[in-house]
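These notes concern the structure reproduced below.
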Amino acid sequence: GTGFSTQEWYRVETDCGFETLLGVATTIELHHQRLAGWYGVDPFIGRPGIVRIVPEPNGLEAEGTPFWWAGGFQGGDTTVMRFAQGNIEGLGHGLTHELTHRFDGALFPGQPSWLTEGKAVWTASAYGPSTDVVFVQNHANFGTFQGVWIDGWGRAAKLETLISGTMEDYRDNYAAGYCLYVYLNTWEEDGERLFQEALKGFMEGGRSRRGEPLDFFERHFCDGKEGRPEDFESFAEHYESFLSGFWWKDRAEWTRRYTGATPRTPSQPYVYDEPTW
């Protein structure tokens with residue numbers, strides 16, 4: 001079946017069934033509007049997107065999924081998601097992740113994978129129901145920070161592989177990239193966010209960046225200006241301290257600035273379209 005979203009911003013195509021088609025068509029623009037408000041601009045006015053929802057992994061393969069394990073992917077203005085044994089609210093979080101890639105592709109092309117995936121993990125988790133107009137700005141998944149710290153992503157040598165894109169598994173970009181993004185976007189001292197402005201410049205300069213990825217990272221975040229570290233080793237030391245601050249046995253006082261809570265999503269039944277089961 002095919003249909004259009006409320007204001008025809010998206011064409012929705014699916015072989016899952018009618019309830020899937022209706023659910024996506026009536027909610028996709030809510031996720032789009034939340035992202036447009038967060039980015040401060042909508043680069044897609046007059047440029048409709050396509051959303052394809054499939055019930056099986058072979059549907060993703062037919063659309064050209066880049067990874068065998070992926071549950072969805074974004075290619076230009078086309079969003080493809082697999083939907084099985086779930087509800088529309090749950091699917092919405094996956095759609096938000098992929099639509100974040102669409103916005104980044106238009107506004108900040110050339111971003112490294114850790115930032116692209118980390119930012120999308122944050123947007124997918126930092127809201128409650130689809131009707132939420134804004135994200136919870138200081139949202140943080142404490143368990144993810146603990147796990148990333150335990151796995152050693154705060155240590156300079158391992159952090160370097162993430163930033164340079166040389167780690168063994170692309171999937172590490174999700175959790176490790178998420179934590180690094182939250183740190184750069186929210187960490188503050190004396191009420192000032194140390195890295196937020198530098199992060200903006202880092203994102204804007206992705207397409208024209210010069211040199212190796214680590215050099216580009218250091219020029220923005222390890223420049224010794226405005227309280228930032230003077231070198232990468234000092235940055236990693238501070239970052240590892242940040243990650244360890246979420247450890248449940250000895251949680252740092254400053255973690256009170258963060259919340260894992262989001263507005264409660266009303267209970268919603270499963271979609272019983274036959275192909276999704």
Side-chain angles (χ1 to χ4, degrees), residues 1-5 9-32 35 48-106 111-127 129-130 141 143-144 147-148 151 162 165-178 265 268-277:
T2 63
F4 287 97
S5 60
W9 293 354
Y10 288 90
R11 174 183 170 92
V12 183
E13 305 172 355
T14 183
D15 54 353
C16 288
F18 174 72
E19 295 299 333
T20 303
L21 177 64
L22 179 63
V24 174
T26 54
T27 59
I28 187 67
E29 289 182 8
L30 299 175
H31 305 304
H32 183 108
L35 284 166
I50 297 173
V51 181
R52 294 193 178 115
I53 311 296
V54 300
E56 298 286 352
N58 58 22
L60 293 172
E61 293 169 1
E63 295 297 329
T65 182
F67 302 109
W68 66 266
W69 43 260
F73 65 97
Q74 185 73 33
D77 291 327
T78 301
T79 308
V80 183
M81 288 288 299
R82 184 190 176 210
F83 179 53
Q85 295 178 321
N87 57 39
I88 297 301
E89 286 293 332
L91 177 61
H93 289 275
L95 290 170
T96 297
H97 180 109
E98 300 305 334
L99 290 181
T100 303
H101 294 333
R102 187 183 183 215
F103 274 80
D104 272 345
Q111 285 185 153
S113 297
W114 65 264
L115 180 54
T116 298
E117 299 296 354
K119 191 192 303 183
V121 170
W122 186 85
T123 57
S125 62
Y127 76 94
S130 295
N141 188 322
T144 301
V148 167
D151 287 343
L162 177 72
T166 58
M167 66 288 194
E168 292 183 2
D169 193 334
Y170 181 90
R171 285 172 286 188
D172 289 325
N173 285 304
Y174 291 84
Y178 164 80
T265 302
Q268 191 179 47
Y270 282 109
V271 172
Y272 288 107
D273 288 337
E274 185 174 352
T276 68
W277 289 83

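Because the structure is a prediction, the values reported are computed rather than measured. The residues of the chain are indexed from 1 along the displayed sequence.
Atom CG of Asn58 is separated from atom OG1 of Thr65 by 12.0 Å, given to the nearest 0.5 angstrom. Separating the CE atom in Met81 from the OG1 atom in Thr20 is a distance of 12.0 Å, to the nearest 0.5 Å. Annotation: the span from Tyr272 atom OH to Gln85 atom CD amounts to 10.0 Å, rounded to 0.5 Å. Glu19 contributes atom CD, which lies 12.0 Å from atom OG1 of Thr14 (distance to the nearest 0.5 angstrom). Separation of atoms OG1 (Thr100) and CG (Leu35) is listed at 4.5 Å; rounding is to 0.5 Å. Glu63 CD to Phe73 CZ: the interatomic distance, rounded to the nearest 0.5 Å, is 6.0 Å.
Looking only at side-chain heavy atoms (C-beta outward), Phe83 and Val271 come within less than 4.5 Å of each other. For the pair Phe67 and Arg171, the minimum side-chain heavy-atom distance is 4.5 Å or more. Using a 4.5 Å heavy-atom cutoff, the side chains of Pro55 and Asp15 are in contact. Using a 4.5 Å cut-off on side-chain heavy atoms (C-beta onward), Ser130 and His31 make contact. When side chains are defined from C-beta on, Leu99 counts as touching Ile28, because their heavy atoms get closer than 4.5 Å. Contact of the Val80 side chain with the Glu98 side chain is not registered, since no non-hydrogen atoms from C-beta on lie closer than 4.5 Å.
If you check the side chains of Thr265 and Glu89, you find no donor sitting under 3.5 Å from an acceptor. Side-chain N/O atoms of Thr2 and Glu13 include no donor and acceptor closer than 3.5 Å.
With sequence neighbours excluded, the residues satisfying side chain to side chain contact (heavy atoms under 4.5 Å, CB included) with Val12 are Leu21, Val24, Ala25.
Using bins of under 30°, 30° to 60° and over 60° for the plane-to-plane angle, the ring pair Tyr174/Trp69 lands in the perpendicular bin.
When every heavy atom of Pro269 is checked against every heavy atom of Asn87, the shortest pair comes out as O-CB, 3.2 Å. The two residues Tyr127 and Thr96 come nearest to each other via the heavy atoms OH-OG1, 3.4 Å. Shown here for Tyr170 and Glu117, the closest heavy-atom pair between the two residues is OH-OE2, 2.7 Å. The nearest pair of heavy atoms linking Gly177 to Leu162 is N-CD2, 4.2 Å.
Distance alone, capped at 3.5 Å, places no donor-acceptor pair between the Asp273 side chain and the Pro275 backbone. A donor-acceptor contact shorter than 3.5 Å links the side chain of Tyr178 to the backbone of Asn141. Trp114 places no side-chain N or O within 3.5 Å of a backbone atom of Asp172 that could act as its donor or acceptor partner. Counting only distance, with no hydrogens or angles, the side chain of Gln74 and the backbone of Gly76 share a donor-acceptor pair below 3.5 Å.
A ring-centre distance under 6.0 Å is found for His101 and His97.
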Checking Ile53 against Leu95 for the side-chain contact (heavy atoms from CB on, under 4.5 Å) test, could you report, in this order, the C-alpha distance in whole Å, the side-chain angles of both residues, the deciding distance, and whether it holds? CA-CA 10 Å; Ile53 311 296; Leu95 290 170; 4.2 Å; yes
